[in-house]
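A short write-up of the structure that comes next.
Because the structure is predicted, anything quoted here is derived from the model rather than measured.
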Amino acid sequence: SITHWRELMTAAVVVRSMLGVSPSAYQHACEVMGPENAAVAMACVLERVGHINSPGGYLRDLTRRTERGEFTLGPMLMALLRSNMPSEHRSA
């Protein structure tokens with residue numbers, strides 16, 4: 001289990017490697033989003049990897065959108081929470 005930010009950031013590097021995301025793509029995400037947010041983004045990518053054709057390309061797109069002020073993690077996290085919630089608990 002992950003109990004601290006440092007552990008999440010370490011796990012994100014492992015996930016990055018597992019998903020074939022290049023070190024440069026992840027490093028750029030860390031520089032643009034901040035290391036904690038980049039680690040959270042990688043966790044979200046892992047959760048949705050079955051729906052993502054290219055995890056590295058997806059992370060690069062999120063990074064570009066962050067640079068332009070078009071992306072924040074909040075909506076992504078909320079969508080992930082909703083998708084994991086049993087259907088009877090979802091609001092319309």
Considering only residues two or more places apart or on different chains, which pairs with a residue in residues 65-75 satisfy salt bridge (Lys or Arg N to Asp or Glu O under 4.0 Å)? D61-R65, R68-E70
Is V40 reachable from L46 through a run of hydrophobic residues whose side-chain heavy atoms are each under 4.5 Å from the next? yes
What's the spacing between C30 SG and N37 CG if we round to 0.5 Å? 10.0 Å
Taking a hydrophobic cluster as the set of Ile, Leu, Val, Met, Phe, Trp and Tyr residues connected by side-chain heavy atoms closer than 4.5 Å, whether directly or through intermediates, do V32 and L77 fall within one such cluster? no
Closest non-hydrogen atom pair, M42 against L59: SD-CD2, 3.7 Å
Taking a hydrophobic cluster as the set of Ile, Leu, Val, Met, Phe, Trp and Tyr residues connected by side-chain heavy atoms closer than 4.5 Å, whether directly or through intermediates, do I52 and L62 fall within one such cluster? yes
Hey, could you give me the CG/CD1 distance between L8 and I2, rounded to the nearest 0.5 Å? 5.0 Å
Side chains of R16 and S22: is there a donor and an acceptor less than 3.5 Å apart? no
F71, V21: one ILVMFWY side-chain cluster at the under-4.5 Å cut-off? yes
Could you grab the distance from atom CE of M9 to atom CD of E36, nearest 0.5 Å is fine? 5.0 Å
The reported gap from OG1 in T72 to CE in M33 (rounded to nearest 0.5 angstrom) is 10.0 Å
Mind checking the CD-NE2 spacing from E31 to H28? Nearest 0.5 Å is all I need. 6.0 Å
Quick one: does E47's side chain get under 4.5 Å of N84's, heavy atoms only? yes
hydrophobic_cluster_shared for V49 and L80, side chain cutoff 4.5 Å: no
Between S83 and M78, is any pair of side-chain heavy atoms under 4.5 Å apart? no
Quick one: OH on Y26 to CG on L19, what's the gap to the nearest 0.5 Å? 11.5 Å
For the pair Q27 (side chain) and P23 (backbone), establish whether a donor and an acceptor sit closer than 3.5 Å, ignoring hydrogens and angles. no
